[in-house]
Amino acid sequence: MKWAVGTTNKAKVASVTATVDKCFPTSTHTVTPVDVDSGVSAQPMSAEETIRGSRRRAEEALRLVPEADFGVGIEGGLECIADKWFECGWMTIVERNTGVVGIGSSARFEMSPVLMKPILEDGEELATVIDNITGDSDVRSSLGAMGVLTAGHLGRAAAYEHGLMFALAPFLSDAKFWKN
C-alpha cells in the first residue's frame, strides 16, 4: 500500500507509519512525505478551518504522488469551546480509486492562558510559542505541544495515532456501516 502524506513534519510522518503498520499488519507500506500548502492560515483557529487544512493536505499529497493509493493530511489547530481554548489534530485520508474520505481527530487538550496570549494578541503560531517558552527549536517535529505539556508522557506522534485510526475507519470496518 502506498501512502502520500501532505507534510514533511517528522512526528506526523512517524504517526502515519506506525498507524498503517498497526492497522494493516500483513501489508507492505510505502509512506512518502511531501511538502504541501494546507490552504489555511498558519495557525488554524477553529475545527472547521483545521479540517479544511487536513483535507487539502491529503488531496495535494495524492496529486503530487501519482502512485499513491491514499492521501493523508494532518493539521493541528485550536478551537474555542465554552470560553476555553483547546488544541487538536485533525486527520483526513482520501483513497484515490474510490474517492472515499475518512476523517478523525486526536484528543483535545486545554491551552493555558500563557500559551494563548501571544497567539491571540500577536498572531503567533503555537509552535513558535512552545519553542520560545522551552528554548528548543522545532518542537512541533518531535514532542509537540502535547508532549511538552504532558512532560513527555504523550508525544505528538503517539497522540495522533488514534485520530489516524478513526480516519481509517471507513477502510477498516465493514462497508455496511458506511452505505446509505
Side-chain angles (χ1 to χ4, degrees), residues 1-79 87-108 125-127 137-147 154-175 177-179:
M1 299 173 91
K2 296 179 180 160
W3 305 83
V5 184
T7 186
T8 57
N9 178 290
K10 292 175 187 172
K12 291 179 180 181
V13 173
S15 69
V16 172
T17 301
T19 301
V20 299
D21 285 346
K22 285 179 191 173
C23 292
F24 304 101
T26 60
S27 299
T28 302
H29 304 281
T30 303
V31 176
T32 305
V34 290
D35 189 20
V36 302
D37 182 359
S38 68
V40 298
S41 62
Q43 180 56 72
M45 297 297 285
S46 69
E48 180 183 356
E49 181 182 15
T50 311
I51 293 167
R52 263 194 339 267
S54 73
R55 180 154 186 162
R56 165 84 184 243
R57 286 181 181 279
E59 291 169 346
E60 282 295 294
L62 266 182
R63 185 180 68 76
L64 293 171
V65 184
E67 67 276 12
D69 302 304
F70 294 89
V72 182
I74 303 173
E75 186 76 15
L78 300 168
E79 180 178 17
E87 199 280 343
C88 177
W90 284 92
M91 297 72 182
T92 301
I93 298 175
V94 179
E95 185 176 29
R96 181 184 302 281
N97 289 340
T98 64
V100 171
V101 176
I103 299 173
S105 75
S106 68
R108 290 178 178 90
E125 285 185 64
L126 174 57
S137 62
D138 199 27
V139 173
R140 71 170 70 190
S141 291
S142 56
L143 280 177
M146 61 269 301
L154 183 62
R156 191 175 199 189
Y160 279 2
E161 287 181 30
H162 290 113
L164 285 163
M165 287 180 198
F166 293 137
L168 282 168
F171 312 105
L172 295 170
S173 59
D174 191 301
F177 294 111
W178 303 97
K179 290 181 180 176

Hey, are the side chains of [X] and [Y] touching, using non-hydrogen atoms and a 4.5 Å cut-off?
{"X": "Asn9", "Y": "Arg156", "result": "yes"}
{"X": "Val72", "Y": "Leu164", "result": "yes"}
{"X": "Glu75", "Y": "Pro44", "result": "yes"}
{"X": "Leu168", "Y": "Phe24", "result": "yes"}
{"X": "Met91", "Y": "Phe166", "result": "no"}
{"X": "Glu60", "Y": "Asp37", "result": "no"}
{"X": "Val5", "Y": "Lys12", "result": "no"}

Checklist entry - Under 6.0 Å from the CZ atom of Phe171, do we count more than 12 heavy atoms belonging to anything else shown? => result yes
Checklist entry - For His162, does the NE2 atom have more than 12 heavy-atom neighbours from other residues, nucleotides or ligands under 6.0 Å away? => result no
Of all the heavy-atom pairs spanning [X] and [Y], show the shortest one and how long it is.
{"X": "Gly73", "Y": "Ala58", "value": "N-CB, 3.4 Å"}
{"X": "Ser141", "Y": "Lys10", "value": "O-CB, 3.6 Å"}
{"X": "Arg108", "Y": "Cys88", "value": "CG-CB, 3.7 Å"}
{"X": "Val13", "Y": "Pro33", "value": "CG2-CB, 3.7 Å"}
{"X": "Ser15", "Y": "Ala157", "value": "CB-O, 3.2 Å"}

Going from [atom1] on [X] to [atom2] on [Y], what distance comes out if it is rounded to the nearest 0.5 angstrom?
{"X": "Ser106", "Y": "Glu87", "atom1": "OG", "atom2": "CD", "result": "6.0 Å"}
{"X": "Thr92", "Y": "Glu59", "atom1": "OG1", "atom2": "CD", "result": "8.5 Å"}
{"X": "Ile103", "Y": "Arg55", "atom1": "CD1", "atom2": "CZ", "result": "6.5 Å"}
{"X": "Arg56", "Y": "Ser38", "atom1": "CZ", "atom2": "OG", "result": "7.5 Å"}
{"X": "Met1", "Y": "Asp69", "atom1": "CE", "atom2": "CG", "result": "6.5 Å"}
{"X": "Ile74", "Y": "Ser105", "atom1": "CD1", "atom2": "OG", "result": "12.0 Å"}

Next on the checklist: Thr7 vs Arg57, test: side chain to side chain contact (heavy atoms under 4.5 Å, CB included). Steps then yes/no.
Outcome noted: CA-CA 7 Å; Thr7 186; Arg57 286 181 181 279; 4.2 Å; yes
Checklist entry - Would you say the side-chain atoms of Thr19 pair up with the backbone N or O of Val16, donor to acceptor, closer than 3.5 Å? => result no
Checklist entry - Do any N or O atoms from the side chain of Ser173 and from the backbone of Pro170 form a donor-acceptor pair under 3.5 angstrom? => result no
Checklist entry - Going through the distances and angles, do Gln43 and Leu126 end up as a side chain to side chain contact (heavy atoms under 4.5 Å, CB included)? => result CA-CA 7 Å; Gln43 180 56 72; Leu126 174 57; 3.4 Å; yes
Checklist entry - What's the verdict on side chain to side chain contact (heavy atoms under 4.5 Å, CB included) for Val40 and Thr50, showing C-alpha distance, side-chain angles and the deciding distance? => result CA-CA 8 Å; Val40 298; Thr50 311; over 6 Å; no
Checklist entry - Who are the side-chain hydrogen bond (donor to acceptor under 3.5 Å, both in side chains) partners of Arg96, not counting sequence neighbours? => result none
Next on the checklist: If you apply the rule side chain to side chain contact (heavy atoms under 4.5 Å, CB included), what do you find for Met146 with Tyr160, and how did you get there?
Outcome noted: CA-CA 10 Å; Met146 61 269 301; Tyr160 279 2; 3.8 Å; yes
